[in-house]
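For clarity, every value in this text was computed on a predicted model and none was experimentally measured. Just follow the structure's listing: the first ligand is 1, and inside any ligand the first atom is 1.
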Amino acid sequence: MVKHETEKKSSQTEWWKKSVVYQIYPKSFNDTNGDGIGDLPGIIEKLDYLKTLGIDVIWLSPVYDSPQEDNGYDIRDYKKIDDLFGDMNDLERLLEEAHNRDMKLVMDLVVNHTSDEHKWFVESSKSKDNPYRDYYIWKDGKENGEPPTNWNSIFSGSTWEYDERTEQYYLHLFATKQPDLNWENPKLREDIYEMMKFWLDKGMDGFRMDVINFISKDPSYPDGEHGDGSPHFMNGPRIHEFLQEMNEEVLSKYDIMTVGEMPGASPEEAKAYTDPAHDELNMIFTFEHMDLDSENGDKWDVKPLDLVDLKENFEKWQTSLHGVGWNSLYWNNHDQPRIVSRFGNDGEFREKSAKMLATCLHMMQGTPYIYQGEELGMTNVHFDSLDEYRDIELKNMYEEKRALGWSHERIMEAIYIKGRDNARTPMQWDRSENAGFTEGDPWIKVNPGYTHINAEQALGQEDSIFYYYQQLIQLRKEKEVITEGSFELLLREHPQLFAYQRVGDKEDLVVCCNFSDQTVEVPDQDLIQSVKGGEVVITNVDSPERDRLSPYESVVYSIEK
Ligand code: NOJ
């Protein structure tokens, strides 16, 4: 037994530590059949583009059969491809074509909840003694007739929906049409593991696991303070047991990568989830750096970023996980606004600040994730009317905030800054109509910026953001210090400069990034002296000066030992 375990571990190479992942949101990537919705053949068509960028792994957001209440994060059938995207043959062809180009393919695993149209839920809601009843979380209301707890759903309203048929409530942490699965039920867990094997046996290279730290709930279901149930469903009492079981039953049998989406996980928790000795996951997505521009834990209550907070946050994650677990590195995904509009400058300094942000992230330890269009410096979008938006979270929030007295203008402003649809407008391929995304009517409007921000333009410009990302990816392959070195924060209190040192065996890297639109003097003579002997590895300016950084400048120096 022990021998077998050792053999298993040594045959797995931890290839994901050297990899760069590219996330595809299929609905918005590339449409080939003119229905206005991206599809699997559309992804296959663009594989060479991804190969040119140099990425190693594709993470595909859900393409499973779904009523699309939450763009596929509400799954009706785990083993069927939604007609919108194609069919199983298309997916198998995508996998093969990706593998032919030495790229891996990672699926999205959404197992905290399903769609209410999943056959398990259809059965479960029929009667209290249905064999599938315990696949979901059903409870009686409180004696006073209120829902079982006061928890607020992440998509607004109560987390409980009353079902007349059996006179009980079911739990849904997200939309009403996304009932939570009951992981306490061993039969449910077995079915999930079987489904995971179905995909891995096809040759998939791993899973991104949707809100996976929500699967274990506090069995006493207490009320939350001010309706905040999160302490009772995040990182719950049996989470490590469930993940270890999943690892033993499924993950350990394949040479794959796993990344768990984990809102509310601290570095200490991340260590427990990703320390290889615990046999759980390879890495997690933290949300801490994405929450720094929110007031009172409300993402719509926006405040300006304090760069010192961001630096300290990265320092905490970089140093806590070093030598123990593993970080994932991201600025963007389908739930976040575009980073160049958020922490950069999407006007005069768009290209320069996009490169600076990329540098700052990609020189850290961990596995970097690039979200479609980030490599082009795609920006947030401002639609005039709420009707032009599609996202359920945003629509529900609008109603909720209006009821709380927020003005229309205030809510729209928050949507412009934080709305998820900022990330979901179609990928900008060229300057033809609809950015070359579709010949039909796109399911969500194209960002008008496509006439000057698009892939064709970027591929034709030698110093584009695209080629800058290509260089960063290449550097990760060449320099061991990027994957292995330790992290030391420099200029800790500086409000505009984010500087850090990666310390390796043979070389150190000093990374300097200016997060402001002003020229900034480097206030530390020792730092200036140390980089004088260094060689410039990558920069977004023609000739960096050691003692100052121009607006949004970034420069990385290598210092040999
Ligand atoms: C996190 C996903 O990234 C998001 O898009 C989705 O709405 C929720 N989980 C619910 O599945």
Side-chain angles (χ1 to χ4, degrees), residues 21-29 38 59-78 82 106-118 121 136-137 151-157 159 161 170-181 183 192 207-215 217 229-230 233-235 258-265 281 283-291 299-300 328 330-338 369-372 374 389-397 415 418-425 443-444:
V21 183
Y22 187 92
Q23 183 192 352
I24 292 184
Y25 197 63
K27 227 174 170 175
S28 302
F29 193 63
W59 149 27
L60 193 59
S61 276
V63 287
Y64 314 98
D65 179 46
S66 159
Q68 302 289 329
E69 178 80 355
D70 185 21
N71 288 339
Y73 284 91
D74 49 319
I75 298 173
R76 184 164 45 204
D77 186 341
Y78 284 114
D82 199 296
V106 163
M107 300 292 277
D108 219 307
L109 183 79
V110 188
V111 292
N112 174 68
H113 46 266
T114 64
S115 160
D116 64 347
E117 297 180 28
H118 192 288
F121 190 77
Y136 295 85
I137 301 170
W151 302 356
N152 297 321
S153 153
I154 293 154
F155 290 169
S156 307
T159 54
E161 181 74 5
Y170 68 84
L171 180 75
H172 61 91
L173 296 180
F174 294 89
T176 319
K177 280 180 69 63
Q178 290 168 300
D180 278 52
L181 288 164
W183 275 72
I192 298 280
F207 290 115
R208 173 270 185 188
M209 303 186 182
D210 194 66
V211 289
I212 197 70
N213 63 330
F214 289 10
I215 60 177
K217 279 87 176 172
S230 61
F233 61 74
M234 287 174 173
N235 311 303
T258 54
V259 50
E261 188 203 25
M262 296 209 183
L281 303 179
M283 62 192 117
I284 72 157
F285 288 131
T286 163
F287 279 62
E288 285 191 352
H289 64 309
M290 295 281 100
D291 292 338
K299 88 172 207 186
W300 305 106
S328 63
Y330 77 96
W331 286 132
N332 269 120
N333 58 45
H334 62 291
D335 295 329
Q336 298 296 337
R338 294 284 178 182
Y369 289 72
I370 301 169
Y371 177 67
Q372 63 187 42
E374 182 179 341
Y389 287 92
R390 300 283 172 263
D391 178 19
I392 179 169
E393 179 198 43
L394 171 166
K395 301 247 178 193
N396 291 356
M397 177 281 291
I415 290 174
K418 286 287 186 73
R420 302 196 300 180
D421 280 342
N422 282 309
R424 299 175 180 186
T425 60
W443 70 278
I444 184 169

Check your understanding: Got a sec, which residues hit side chain to side chain contact (heavy atoms under 4.5 Å, CB included) with D116, two or more places apart in sequence or on another chain?
Key -> F121, K177, P179
Revision key, fill the gap. Contacts of N396 meeting side chain to side chain contact (heavy atoms under 4.5 Å, CB included) (sequence neighbours excluded), chain-then-number -> F155, S156, I392
Check your understanding: Just by distance, with hydrogens left out, do Y73 and S66 show a side-chain donor and acceptor under 3.5 Å apart?
Key -> no
Check your understanding: Would T114 and Y78 count as having a side-chain donor-acceptor pair, cut-off 3.5 Å?
Key -> no
Check your understanding: Listing by chain and number, which residues have a heavy atom under 4.0 Å from ligand 1?
Key -> D70, Y73, H113, F155, F174, R208, D210, E261, H334, D335, R420, R424
Check your understanding: Of all residues at least two apart in sequence or in a different chain, which pass the ring-ring contact (aromatic ring centres under 6.0 Å, His included) check with W183?
Key -> F242
Exercise for review: Identify the two heavy atoms, one from M262 and one from N213, that lie closest to each other, and give their separation to 0.1 Å.
Suggested key: CA-OD1, 3.2 Å
